[in-house]
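Some notes on the structure that comes next.
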Amino acid sequence: MKAPEIELPDIEWLVFQATSQVPRGKVTTYGDIAKAMGDVSASRVVGSILARNPRPIEVPCHRVVYGTGEVGWYCGLGKGTDTKQRLLQEEGVPMSDGKVDLAKVGFSDFHIDPGLRNLRERQERLSHQVVERDRLGRLRKVAGLDVAYRGDQAFSAMAVLDIETGSVDIRLDRSQVKFPYIPSYLSFRELASLAPLVSSSSETLFLVDGQGVLHPRGLGIASHMGVVLDVPTIGAAKSLLVGDIDPADPGSIRYKGVERGRVVGEGRRKLYVSIGHRVSLDTAEEMVRRYCSDADQSPLILAHRAAERARREAGD
DNA sequence: GCGACAG
DNA sequence: ATCTTGTCGC
């Protein structure tokens, strides 16, 4: 299936644009730039983008510091704290104990596009289209999807298990990454790499490595994919994004006061399962129990291995 | 030091 | 997720 034409904000460009707006003699924080983009949870990605800033003159990343006032690193993790402090002092930024006074020299009056706020609104709008009841055809195949990365190359894989014959078909794709990993925005990074692998069919159930509705806006990658491609999906993640294990029932995950997920498996093999689209929670749990218990037959694990293998072989 | 948020 | 050495646990 063709990848949906998703307009994505250029996060790297927004970060460079915001950083360039910090005037001489002032500083801002990684969190303030993230807030200007629409979500403070992008703070870490702001740091990782500025750590690779190729133009330290045009993009004055020395004016971006920690929220504590500590100046942090300059042009790369673990590098150049002394250079950063010297540059700021030369610009007239007062410092004591290696810290700046953000109340005095803090700047946060950015004029950039709040790209992440727009994406959040899209998630909220699409979340209303999620169908949380069983709307499957006669189930013939169960597919697992996963992505591996090498630099800005994405290697996506889909393992399709034929329920009747037990045979497994592997499909691969390779694409350019156009969006960073930001918690709760995973689908904007990975969906474009997964969609080309998917053929629309209500006879195939898709298991996605990530959350379904167990998500702050009810639209993890499994639900996002299900709604956009109109296919039945289940979210099966190796760790929790939101929600808590029910103290009264360790197999149940609650979020905002309601059951939104189930725990399947034990130890390292544990999966946090939630509705993706067109599947009930009971069915989601049952399907993961049925098709993911055997590691050598699990479509998710086979897809993971296939993507990882493609990534490794591309490295030569 | 604490808290920690899929991949 | 990826990078990456030595270390911890089954």
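The chains referred to below are lettered A, B, ... by the order of the sequence lines, with proteins before strands, and numbering in each begins at 1. Side-chain atoms are counted along with the backbone in the values below, which use heavy atoms only and exclude waters and symmetry mates.
One interatomic measurement links the two molecules: CG of A/Leu194 to P of B/dG7, which rounds to 13 Å at whole-angstrom precision. Note: OH (A/Tyr149) to P (B/dG7) measures 11 Å, nearest angstrom. One interatomic measurement links the two molecules: CG of A/Leu300 to C1' of B/dG7, which rounds to 13 Å at whole-angstrom precision. Atom CG in A/Asp209 sits about 11 Å away from atom P in C/dT2, given to the nearest Å. One atom, CZ of A/Phe188, and another, C1' of B/dA6, lie 14 Å apart when rounded to the nearest Å. What separates CZ of A/Phe155 from P of B/dG7 is a distance of 20 Å, to the nearest Å. When rounded to the nearest whole Å, the span between CZ of A/Arg189 and P of B/dC5 equals 19 Å. As a whole-Å value, the separation of A/Leu191 CG from B/dG7 C1' is 13 Å.
In this structure, A/Ser239 reaches the B/dG7 phosphate: one of its side-chain N or O atoms is under 4.0 Å from OP1 or OP2. Taking only side-chain nitrogens and oxygens, A/Lys238 never comes nearer than 4.0 Å to OP1 or OP2 of B/dA6. The phosphate of C/dC3 has OP1 or OP2 within less than 4.0 Å of a side-chain N or O from A/Arg311. Within the 4.0 Å cut-off from OP1 or OP2 of B/dA6, at least one side-chain nitrogen or oxygen of A/Tyr181 is found.
Nearest nucleotide to the side chain of A/Gln211, out of B/dA6, C/dT2, B/dC5: B/dA6. Counting only heavy atoms from C-beta on, A/Glu190 has its side chain closest to B/dG7 among B/dG7, C/dT2, B/dA6. In the set B/dA6, C/dT2, C/dA1, B/dA6 carries the atom at the smallest distance from any side-chain atom of A/Ile221. Taking only side-chain atoms of A/His215, from C-beta outward, the nucleotide of B/dA6, B/dC5, B/dG7 with the closest atom is B/dA6.
Remark: the backbone N or O of A/Ala42 is not paired with any side-chain donor or acceptor of A/Asp39 at under 3.5 angstrom. A donor-acceptor pair under 3.5 Å is absent between the side-chain atoms of A/Asp113 and the main chain of A/Leu14, judged by distance alone. The closest donor-acceptor contact from the side chain of A/Ser298 to the backbone of A/Asp294 lies at 3.5 Å or more, if one exists at all.
In terms of heavy atoms, A/Arg260 sits closest to A/Ser274 at O-CB, 3.4 Å. Considering all non-hydrogen atoms of both residues, A/His215 and A/Tyr255 come closest at O-CE2, 3.6 Å.
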What N/O pairs connect the protein and nucleotides 8-10 of chain C at under 3.5 Å? Give each pair on its own line.
none

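Ring geometry, A/His62 versus A/Tyr74: the interplanar angle exceeds 60°, so the pair is classed perpendicular (tilted spans 30 to 60°). Taking the six-membered ring where the residue is Trp, A/Phe188 and A/Tyr185 present tilted rings, their angle falling between 30° and 60°.
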Could you summarise the pairing of DNA chain C as dot-bracket text, marking Watson-Crick and G-U pairs under 3.5 Å with ( ) or [ ] inside the strand and | across strands? ..........

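Contact check on A/Glu121 versus A/Arg125 returns no salt bridge, with no Lys/Arg side-chain nitrogen under 4.0 Å from an Asp/Glu carboxylate oxygen. With salt bridges taken as basic N to acidic carboxylate O contacts below 4.0 Å, none links A/Arg305 and A/Glu308.
Residue A/Tyr185 is classed as a base contact, given a heavy-atom separation below 4.0 Å to a base. Across all strands shown, A/Gln153 has no heavy atoms under 4.0 Å from either base or sugar-phosphate atoms.
Under the 4.5 Å side-chain heavy-atom criterion for ILVMFWY residues, a single connected hydrophobic cluster contains both A/Leu145 and A/Leu191.
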